[in-house]
Novice: 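Take a look at this one; I'll ask things after.
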Amino acid sequence: MKPKSVIVVGAGIGGIVAATHLAQRGLHVTVVEKNSRPGGRCDRLSRDGHHFDTGPTLLVMPLLYEAEFRALGTSMHEALDLQRVDPTYHLVFDDGSQLALTSDLKSMQAQLESMQPGSFQGFLRYLREGDQHYQLGMEKLVNRDFRAASDFFTFNNLSLLFRLKPLVNHYRNMSAYFEDPRLKAAFTFQDVYMGLSPFEAPATFSMMSYTELAHGVFYPKGGMYSVTEALMKLARAAGVDFIFNSPVERIDVNAMHARGVDLSDGRRLEADVILANADLPYVYQNLLPHDGITKKLERKRFSCSVISFFWGIDKTYGTLGPHTLFLASDYRENFERIIRDLGLPANPSLYVHAPARLDPSMSPPGQDTLIAIVPVGHMSENGEQDWREIRDEARQHVFCRLATLGITDVESHIKFEVNYSPLSWRKRYNLVKGSTHGLSHTLTQLAYFRPHNRHPRYKNLYFVGASTHPGTGMPTAMVSGRLAARRIIDELGMEE
Ligand SMILES: Cc1cc2nc3c(=O)[nH]c(=O)nc-3n(C[C@H](O)[C@H](O)[C@H](O)COP(=O)(O)OP(=O)(O)OC[C@H]3O[C@@H](n4cnc5c(N)ncnc54)[C@H](O)[C@@H]3O)c2cc1C
């Protein structure tokens, strides 16, 4: 019998993973990607011997990676050459104080007690809460597929309202553990990874800082793009076909079904199942006939964006750690400016990554490769934001922050610069509003309330990726790929 066929729109992490699971089950899978490379947001830029991860730079939640590589028939350690990064980040505060986040409890105790006497006990209690949130969050929310309301609204799940603190504000919850605003910031800034402000995020997200310290942050040799490469190896071994440089212009549907896709070069491909990995709001806006859901999605909250600088440097800054985070003292104002005003804060928190500290092959000998990321608002409806001006301001902020560490000459040692603004994110990966993490992760856009893996009307059209369940992030994109593939297999009536 001819195997059932699947077209995947987009070779992002979720798309590659779903394609691999489906091909391993004997389906004929073709992935159609608009860009010349796979990986989507997990992308790489190489120039003159400098290598930049343009999207993800942190391998967090290693237990999820382990489980997902296992589900694909291999092991994370076989697929990736990993080193643990410890201290994970060097945090630098406006008053000049620093905190190296580490799993070494003795070092944490000394550092925390010097910032706020008595805070180490608060830290241990916070970790215990993070542990509970992580275990429950993975079991009850992330690894679950909510196909019907009855999968989510169960008596058992009622207790999650207390145990996961979804209705408690994350930042406010920090007062139970710390008084010093620097410490409240040190263990909530990870909410930005969800595109959220800690002042609106549920306290559930304490799981993020917990997993970084308890399970570790890792760095794969060759950078995060080697995750894309490892997944591509598995996909090709399973027999997945890839077509690059081929934007899909339209998903052809009738009343109840998707029939195929039309490519921008005039070609048409047909399949039994279509799986869209391109960002879900973009698919509704651009590839499908508009309907009530398109309108609803327009009203949804989108995550923030970032301005990224990629610098090839003609000298080495050996004192700069691999991951440095500058946290502004006007922490709340930072998030309000980004999320409410869609702008650049007057004194932004920002992140600098020096990958050659972890893998010298990321820059030529005696030189450096630097990535600076400055969170900003996503694109506004009225297109008022002047991204050139914002970018130039953001660049100056990075130089000023580095100067506080005694690094005052970066500007004069830059051999070349590439930068991305929200406009670039939209153009490169079709991210609506240039929002780097897709739909935001507010309570009403999480779990059962996040768009599901299947279209409610077109029964053979499925979705995978950051704006679907379970949400943004590399490991969650892998989970999303597995869940979407599982659902397709179930609904095609293929037994395990
Ligand atoms: C700056 C930044 C930093 C990040 N940092 C981290 C981090 O440190 N750790 C972490 O875990 N996660 C991080 N993330 C998040 C992570 O990268 C994403 O959540 C994840 O990669 C999303 O995968 P996805 O499956 O949604 O696919 P996407 O990356 O959205 O890929 C979708 C693919 O579809 C393609 N496509 C779009 N439209 C079409 C079309 N019409 N036709 C054909 N193809 C199309 C796109 O080109 C793209 O290749 C970061 C993201 C960004 C942007």
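Position 1 is the first residue of the sequence, and the numbers go up from there. Quick caveat, the model's predicted, so the values are computed rather than measured. Note that ligands are numbered from 1 as they come in the structure, with each ligand's atoms numbered from 1 the same way.
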Novice: Strictly under 4.0 Å, does any heavy atom of E249 approach an atom of ligand 1?
Specialist: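 For ligand 1, residue contact (heavy atoms, under 4.0 Å) with E249 is absent.
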Novice: Between T472 and ligand 1, which residue portion shows a heavy-atom distance shorter than 4.0 Å: side chain, backbone, both, or neither?
Specialist: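 Under 4.0 Å from ligand 1, T472 contributes backbone and side-chain atoms.
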Novice: Give the residue, atom name and distance (to 0.1 Å) of the protein heavy atom nearest atom 23 (O) of ligand 1.
Specialist: A477 CB, 3.9 Å
Novice: Any idea which of K34, E33, R428 brings a heavy atom closest to atom 33 (C) of ligand 1?
Specialist: E33
Novice: With backbone taken as N, CA, C and O and side chain as the heavy atoms from C-beta onward, which portion of V32 lies under 4.0 Å from ligand 1: side chain, backbone, both, or neither?
Specialist: backbone
Novice: Please check this pair: side chain of T228 against backbone of C42, looking for a donor-acceptor N/O pair closer than 3.5 Å.
Specialist: yes
Novice: Check this for me: does any side-chain nitrogen of one of K433 and E381 sit under 4.0 Å from a carboxylate oxygen of the other?
Specialist: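 The answer is yes: the pair qualifies as a salt bridge.
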Novice: Could you check whether T54 and D43, counting side-chain N and O atoms only, form a donor-acceptor pair closer than 3.5 Å?
Specialist: no
Novice: Looking only at protein heavy atoms, which one is nearest to atom 17 (O) of ligand 1, and what is the separation?
Specialist: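 Checking every protein heavy atom, the shortest distance to atom 17 (O) of ligand 1 gives P56 CG, 3.1 Å.
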Novice: Any idea which protein heavy atom is nearest atom 11 (O) of ligand 1, and the distance to it?
Specialist: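 Heavy-atom neighbour on the protein nearest atom 11 (O) of ligand 1: M474 N, 2.9 Å.
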Novice: Which of the listed options, S303, G39, G55, holds the heavy atom that is closest to atom 3 (C) of ligand 1?
Specialist: G55
Novice: For the 3.5 Å polar cut-off, considering only N or O atoms, please tell me whether T436 and ligand 1 meet it.
Specialist: no
Novice: Could you list which atoms of ligand 1 come closer than 4.0 Å to a heavy atom of P475?
Specialist: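 In order of numbering, the contacting atoms are 11 (O).
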Novice: Is it the case that ligand 1 has an N or O less than 3.5 angstrom from some N or O of V464?
Specialist: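 No, V464 has no N/O under 3.5 Å of an N/O on ligand 1.
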Novice: Using a strict 4.0 Å cut-off to heavy atoms of G40, name the atoms of ligand 1 that fall inside it.
Specialist: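 Once the distances to G40 are compared, the set is 29 (O), 31 (O), 48 (C), 49 (O).
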Novice: What protein heavy atom sits nearest atom 50 (C) of ligand 1, and how far off is it?
Specialist: H437 CE1, 3.7 Å
Novice: Tell me the protein heavy atom at minimum distance from atom 38 (N) of ligand 1, and give that distance in Å.
Specialist: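 Checking every protein heavy atom, the shortest distance to atom 38 (N) of ligand 1 gives N430 ND2, 2.8 Å.
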Novice: Verify the distance criterion only: is there a donor paired with an acceptor across the side chains of Q135 and D131 at less than 3.5 Å?
Specialist: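 Yes - a donor-acceptor pair under 3.5 Å links their side chains.
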Novice: Look at ligand 1 and say whether W425 reaches it with a heavy atom at a distance under 4.0 Å.
Specialist: yes
Novice: How are the rings of F399 and W311 set to each other: parallel, tilted or perpendicular (split at 30° and 60°)?
Specialist: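 Correct class here is parallel.
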Novice: If you measure only the distance, is there a donor-acceptor pair under 3.5 Å linking the side chains of N143 and R482?
Specialist: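 R482 and N143 do have a side-chain donor-acceptor pair below 3.5 Å.
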Novice: Which of these, T228, V60, N277, D53, has its nearest heavy atom closest to atom 24 (P) of ligand 1?
Specialist: N277
Novice: Would you give the length of the straight line joining atom CD1 of I488 to atom CG of N453, rounded to the nearest 0.5 angstrom?
Specialist: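 I488 CD1 to N453 CG: 8.5 Å, rounded to 0.5 Å.
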Novice: Among side-chain atoms of H133 and S206, is any donor-acceptor pair under 3.5 angstrom?
Specialist: yes
Novice: Out of N286, L288, T294, which one pairs with H290 under the side-chain contact (heavy atoms from CB on, under 4.5 Å) rule?
Specialist: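 Of N286, L288, T294, side-chain contact (heavy atoms from CB on, under 4.5 Å) with H290 is met by T294 alone.
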Novice: Show which atoms of ligand 1 fall inside a sub-4.0 Å distance from at least one heavy-atom site of G14.
Specialist: 25 (O)
Novice: Quick one about S303 and H437 (side-chain donor to acceptor, distance below 3.5 Å, no hydrogens or angles considered), yes or no?
Specialist: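 Their side chains do not contain a donor-acceptor pair, so the 3.5 Å distance test is not met.
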Novice: Quick one: which ligand 1 atoms are inside 4.0 Å of a heavy atom on N35?
Specialist: 47 (O)
Novice: Just to confirm my output: which protein heavy-atom neighbour is closest to atom 19 (O) of ligand 1, and how far is it?
Specialist: G473 N, 2.7 Å
Novice: For the pair F302 and H378, name the ring-plane relationship: parallel under 30°, tilted 30 to 60°, perpendicular over 60°.
Specialist: perpendicular
Novice: Sort out for me which residue in D359, L358, L82 forms a side-chain contact (heavy atoms from CB on, under 4.5 Å) with P220.
Specialist: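 Testing each of D359, L358, L82 against P220, the sole residue satisfying side-chain contact (heavy atoms from CB on, under 4.5 Å) is L82.
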Novice: Anything under 30° is parallel, anything over 60° is perpendicular, the rest tilted; go ahead and classify H455 against Y284.
Specialist: parallel
Novice: Is there a donor in the side chain of S440 and an acceptor in the side chain of Q445, or the other way round, less than 3.5 Å apart?
Specialist: no
Novice: Students should be able to answer this: which protein heavy-atom is nearest to atom 42 (N) of ligand 1, and at what distance?
Specialist: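 Among all protein heavy atoms, the one nearest atom 42 (N) of ligand 1 is V248 N, 2.9 Å.
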Novice: Distance under 4.0 Å to a non-hydrogen atom of Y429: what atoms of ligand 1 satisfy this?
Specialist: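 The atoms of ligand 1 under 4.0 Å from a heavy atom of Y429 are 37 (C).
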Novice: Identify the closest protein heavy atom to atom 37 (C) of ligand 1: which residue and atom is it, and at what distance?
Specialist: A278 CB, 3.4 Å
Novice: Which atoms from ligand 1 have a heavy atom of P247 less than 4.0 Å away?
Specialist: 42 (N)
Novice: Is the closest N or O pair between R41 and ligand 1 shorter than 3.5 Å?
Specialist: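 The answer is yes, given that R41 and ligand 1 share an N or O pair closer than 3.5 Å.
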Novice: Ignoring angles and geometry beyond distance, decide whether A466 reaches within less than 3.5 Å of ligand 1 through its nitrogen or oxygen atoms.
Specialist: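 Yes, since at least one N or O of A466 sits under 3.5 Å from an N or O of ligand 1.
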Novice: Salt bridge between D490 and R486, side-chain N to carboxylate O under 4.0 Å?
Specialist: yes
Novice: Does only the side chain of L58 get under 4.0 Å from ligand 1, or the backbone, or both, or neither? Count heavy atoms.
Specialist: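 Both backbone and side chain of L58 come within 4.0 Å of ligand 1.
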